[in-house]
Amino acid sequence: MSVKAILDLKGRDVVTAGPNTTVAEAAVILSKKKIGAIVVVGMENRISGMFTERDLVHAIAKHGKDGLDQPLGQVMTAKVYRCHEETTVNELMELMTSRRFRHVPVESNGKLAGIISIGDVVKSRIAEVEREAEEIKAYIAG
């Protein structure tokens, strides 16, 4: 299964914010949307960073309560690993496991095209295993 197949099932909506959004504003977005990451985008919807729950914790640990006033551009993870629609679920699992990511943005033609979470990967993998099990049962039953 590919990233494209996952996006086709779950949708391509992504919660984004600009680099001048404050940490406090981003925390409200994370809470209201019940998500763990926001993709920080610049001009023309190009990925410039990720702001995650971990980044929130680091901002508070480093700056105290003043961390809430910091712009995302100052505290986000700037080195963002991306995937593409052609990326396989197995390749994505390897990337997420080795780099300890829970969210990976999908890029197409240099622009944000979606986001995949570890939950999306697990769901797709479970569905694949269940499908294989059904095929084996059908084969055995003849």
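Fair warning: this is a prediction, and the values are worked out from it, not measured in the lab.
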Quick one: side chain to side chain contact (heavy atoms under 4.5 Å, CB included) partners of Lys10, sequence neighbours excluded? Ile6, Leu7, Ile115, Asp120
Salt bridge Arg82-Glu107, side-chain N to carboxylate O under 4.0 Å: yes
Hydrophobic cluster membership, Leu30 vs Val14, 4.5 Å side-chain cutoff: no
Note, Phe51 side chain near Thr21 side chain (heavy atom, < 4.5 Å): no
Ile35 versus Val15: any side-chain heavy-atom pair under 4.5 Å? yes
Val104 side chain near Leu95 side chain, heavy-atom distance below 4.5 Å: yes
Are Val23 and Val28 joined in one hydrophobic group, where the rule is that I, L, V, M, F, W and Y side chains link up if heavy atoms are under 4.5 Å apart? no
Of the non-hydrogen atoms in Ala113 and Ser108, which two are nearest, and what is the gap between them? CB-CB, 3.8 Å
Linked, directly or transitively: Ile47 and Met76 (ILVMFWY side chains, under 4.5 Å): no
Going from OG1 on Thr22 to CD on Gln74, what distance comes out if it is rounded to the nearest 0.5 angstrom? 13.0 Å
Could you walk me through whether Ile29 and Ile38 pass side chain to side chain contact (heavy atoms under 4.5 Å, CB included), step by step? CA-CA 8 Å; Ile29 294 168; Ile38 297 171; 3.8 Å; yes
Looking at every non-hydrogen atom in both residues, tell me the closest pair between Met1 and Ala5 and how far apart they are. CG-CB, 3.7 Å
Would you check if Val75 and His58 make a side-chain contact, meaning some heavy-atom pair closer than 4.5 Å? no
Arg12 bridged to Asp8 by N-O distance under 4.0 Å: yes
Measure the CG-OG1 distance between Asp13 and Thr16 for me, rounded to the nearest 0.5 Å. 10.5 Å
Residue pairs meeting salt bridge (Lys or Arg N to Asp or Glu O under 4.0 Å), one or both in residues 18-46, sequence neighbours left out, come to Glu44-Arg46
How would you list, by chain and number, every residue that makes a side chain to side chain donor-acceptor pair (under 3.5 Å) with Thr77, sequence neighbours excluded? Asp55
Could you list the donor-acceptor pairs under 3.5 angstrom formed by side chains in residues 130-142, with sequence neighbours left out?
none

Taking C-beta and beyond as the side chain, do Ser2 and Thr88 meet within less than 4.5 Å on heavy atoms? no
Apply side chain to side chain contact (heavy atoms under 4.5 Å, CB included) to Glu86 and Lys4, showing your working. CA-CA 7 Å; Glu86 303 79 30; Lys4 181 182 183 321; over 6 Å; no
Going from OG on Ser98 to OH on Tyr81, what distance comes out if it is rounded to the nearest 0.5 angstrom? 8.5 Å
Hey, quick one: are Val89 and Ile116 part of the same hydrophobic cluster, counting side-chain heavy atoms closer than 4.5 Å, chains of contacts allowed? yes
Can you run down the salt bridge (Lys or Arg N to Asp or Glu O under 4.0 Å) pairs that involve residues 87-104, sequence neighbours left out, and say none if there aren't any? Glu53-Arg102
Can you get from Val80 to Val40 by hopping between Ile, Leu, Val, Met, Phe, Trp and Tyr side chains that sit under 4.5 Å apart? no
Pair listing, salt bridge (Lys or Arg N to Asp or Glu O under 4.0 Å) test, anchored in residues 71-80, at least two apart: none
Check whether any side-chain heavy atom of Met50 sits under 4.5 Å from a side-chain heavy atom of Val39, and report yes or no. yes
Does Thr97 reach the main-chain N or O of Met93 with its side chain, forming a donor-acceptor pair under 3.5 Å? yes
